[in-house]
Amino acid sequence: MSPIPQNCQGRDTPSTAGRNWIRHLGHVLDYVLLTGIAFVFLFPIVFMVISSFKPSTVIFRDVRSLDAFLPTTFTLENYDRVFARTNFARFMFNSAVISTVTVLLSLIVNSMAAYALARLRWRGQALVLTIIIALLTVPFEAIAIPLLFLVNRLFWPVLAVDGGNLTISMQESWLNTLHVQIVPFVADAFSIFLFYQFFLDIPRELDEAALVDGASPFLIYWRLIVPLSRPVFATVAILQFLFRWNDYLWPAISVQSEKARPLTVGIATFFGQNTDWGQILAYASMITVPVLIVFLLFQRGFIRSIASSGLKG
Amino acid sequence: MAKSSPRRSDAIYGWLMGAPAFLGVFTFIILPFIIAIALSLTNARLISPTAPEFVGLGNYDRLLSVTILRLNPLRDEASGRLLRDSEGKLEFPRSRSILRSEERYEGFFEWFTVDIGDKRYVIAAKDPVFMRSLRNNLFFASVVVPLQSSLALALALLVNQRIRGARLFRTIYFSPVVTSITVMSVVWIFLYNKDAGLINQFVNCISAGQLGSVNWLGDVRSAMWAIIILSIWHAAGFQMVIFLAGLQSIPEILYEAASIDGANARQRFWYVTLPGLRNTSVFVVIITTIFSFRLFTQVRIMTQGGPRDNATSSVVFHAVEEGFRAGHVGYGSAISVVFFLIVLCISLIQRFALRNSGGE
């Protein structure tokens with residue numbers, strides 16, 4: 001066995017000292033470059049958050065110097081004004097409900113479908129799988145307009161207590177509701193696909209052992225497959241949450257009223273009616289910072305999940 | 001008996017457990033897709049008292065028709081000499097009067113003109129806004145795809161080094177990806193402000209005041225670039241992590257073997273890293289291209305397709321303007337179908353490119 005060359009170089013020769021020096025310089029330059037790029041990626045976010053605590057006059061004064069990135073003054077005035085002038089809490093509530101309910105339903109619905117596709121044998125299975133995979137290429141933008149046409153003609157049951165009697169009436173059109181932002185996004189071809197791939201890799205012997213014990217397919221799914229599949233559940237949850245929380249196109253066309261408005265449409269509207277940048281940046285910070293904190297806490301899961309979403313499209 | 005009974009229960013459970021998802025996928029993806037094709041053949045409106053009428057391929061004709069007109073320069077009627085304007089340029093008849101007067105040009109509007117020699121060619125389309133939007137998407141893709149992909153590769157190589165803090169830098173570069181592009185579009189409007197925006201402050205600082213303040217979003221020449229810069233900033237970290245996954249899948253032993261053979265760092269990059277990233281690169285290029293064609297939010301928030309002459313309009317933006325704002329669902333659906341076909345072509349190219357590499 002020949003030793004690897006770099007390991008047998010002498011350590012104390014002058015030429016190595018020179019090389020070390022170059023290596024150190026290289027390291028320093030590396031860090032300068034890494035930090036410079038980090039500044040480029042961070043400055044809009046840092047500027048947004050820092051400025052949200054300054055009155056607009058101070059923001060406009062500070063942009064002339066590096067003060068733009070320093071907390072030269074601190075006031076919560078902008079945040080107060082946002083809450084006073086808009087229904088911010090309502091929009092935040094809407095966004096939270098839309099995102100969480102979609103995530104929860106989609107974890108159940110899509111994982112069950114993927115289980116049926118990956119682990120059970122039934123007629124039409126191959127065809128359904130082919131269709132699901134084909135649908136991965138359909139971007140939402142391609143169906144947004146006809147979907148709008150469709151949901152405007154759908155009915156939604158409304159329960160009401162009328163003189164002691166429980167009555168169900170049908171409300172026409174899904175526009176301007178929370179469910180129009182939830183129901184169409186629960187079943188998701190990409191989530192099914194992610195679950196499907198994960199379930200395929202779980203050894204089949206486990207199912208068969210459970211089958212011998214008399215467990216039904218649903219019980220196997222619930223007791224065996226779900227507990228083994230935590231990572232893929234996390235991935236789907238993170239992706240669905242981000243897609244819903246950050247979505248703008250769909251609520252912008254399907255929701256006009258304040259009642260069901262989410263934060264993204266909220267800030268777009270607020271920006272359209274407002275020229276006070278301190279308040280706009282406070283609004284922007286309140287949408288962005290919670291997600292950034294969750295990201296920093298679970299960054300490994302986030303990055304892995306989003307990298308896997310590269311398969312989409 | 002023992003073999004068939006689990007199968008029968010498989011079938012029942014298979015359909016039962018799959019039903020909610022299959023029903024959802026059918027109702028909210030497949031059905032709208034079928035509706036899109038059906039509506040695109042009609043003049044349907046979002047809210048209309050009258051039933052939609054079948055118009056055949058009329059919407060597609062309007063969307064895709066392009067024609068070329070050749071104009072001769074104007075001559076002085078008495079002397080027959082060519083007329084020139086105050087700058088000495090040839091004068092031409094107005095294209096609009098010709099497009100309006102001749103029947104074969106009915107429905108056409110000027111898109112752009114090209115002067116070749118002493119002739120002027122007018123390229124006219126039935127929907128110049130769509131053509132302009134398509135051109136904008138192509139321009140956007142032609143800048144963003146190479147720039148963002150190579151930037152993402154460079155970032156991935158930087159943070160893939162075994163140095164202290166690499167993970168921190170990876171997290172920082174990735175953080176814009178989890179922010180909402182809607183919010184960031186609003187924030188960047190301020191950054192792009194002509195007088196108070198930080199971008200112009202940097203430009204002034206770097207160029208020592210030599211470059212004047214750019215009116216980023218208010219100037220037709222820079223508005224698309226402003227959207228491009230924001231888009232790259234927002235998404236580069238995403239492609240970076242895909243490249244990182246690709247880098248980490250290259251077996252370490254290949255690098256060791258190359259080192260033993262005396263390859264230096266540059267040679268290892270060219271002969272080990274790049275070939276190892278071939279599939280990842282195809283993949284990144286394709287998804288970045290598809291993302292480029294899905295451009296919508298930045299345009300809607302920052303420029304509304306402007307500042308003028310539809311300088312930043314995109315295909316999806318035009319579809320929403322027509323199908324939603326103007327309520328022309330039929331026409332908007334036709335744009336959606338064409339948009340889907342574009343994305344489908346890009347996906348098929350990806351499949352073809354990846355299949356070819358598999359055979360090597």
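What you see below is based on every heavy atom in this structure, not just the backbone, and it leaves out hydrogens, waters and symmetry mates. The sequence lines fix the lettering, A, B, ..., with proteins before strands; numbering per chain opens at 1. A quick note: this is a predicted structure, and the numbers were derived from the prediction, not measured.
Across every non-hydrogen atom of G18(B) and A116(A), the tightest pair is N-CB, 4.3 Å.
In this pair, F22(B) and W122(A) present their aromatic rings tilted. The plane angle is within the 30 to 60° band. Ring geometry for F169(B) versus Y31(A): interplanar angle of 30 to 60°, hence tilted.
Heavy atoms from other residues, nucleotides or ligands lying under 6.0 Å from CZ of R300(A) number 12 at most. In F298(A), the CZ atom is not crowded: 12 or fewer heavy atoms of neighbouring residues, nucleotides or ligands sit closer than 6.0 Å.
With a threshold of 4.5 angstrom between heavy atoms, V315(B) does not approach chain A through any atom at all. Looking at I238(A), neither its backbone nor its side chain comes within 4.5 Å of chain B, counting heavy atoms on both sides. Heavy-atom distances place no part of V186(A) under 4.5 Å from chain B, backbone and side chain included. Contacts between T35(A) and chain B at a heavy-atom distance below 4.5 Å involve backbone atoms as well as side-chain atoms. Only the side chain of T288(A) comes within contact range of chain B, with heavy atoms under 4.5 Å apart. Residue I280(A) touches chain B through its side chain alone, counting heavy-atom pairs closer than 4.5 Å. Contact annotation for Y115(A): only side-chain heavy atoms (C-beta onward) come within less than 4.5 Å of a heavy atom of chain B. The parts of I303(A) that come within reach of chain B are both its backbone and its side chain, each placing non-hydrogen atoms under 4.5 angstrom from that chain. L117(A) touches chain B through its side chain: at least one heavy atom from C-beta onward sits under 4.5 Å away, while N, CA, C and O do not.
At least one donor-acceptor pair under 3.5 Å links the side chain of Y173(B) to the backbone N or O of L34(A).
No close placement of the F28(B) and F140(A) rings is indicated, their centers lying 6.0 Å or farther apart. Two rings, from F174(B) and F295(A), have their centers less than 6.0 Å apart. The aromatic ring centres of F60(A) and F190(B) sit less than 6.0 Å apart.
In terms of heavy-atom pairs under 4.5 angstrom with chain A, the leader among S336(B), G24(B), G323(B) is S336(B).
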Q: Go through the steps for F202(B) and F43(A) under the test ring-ring contact (aromatic ring centres under 6.0 Å, His included), then give the verdict.
A: CA-CA 12 Å; F202(B) 291 142; F43(A) 87 89; 5.2 Å; yes

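Across F270(A), Y283(A), W277(A), a single residue satisfies side chain to side chain contact (heavy atoms under 4.5 Å, CB included) together with V186(B), and that is W277(A).
Taking the side chain as every heavy atom from C-beta outward, F340(B) and P139(A) approach each other to under 4.5 Å.
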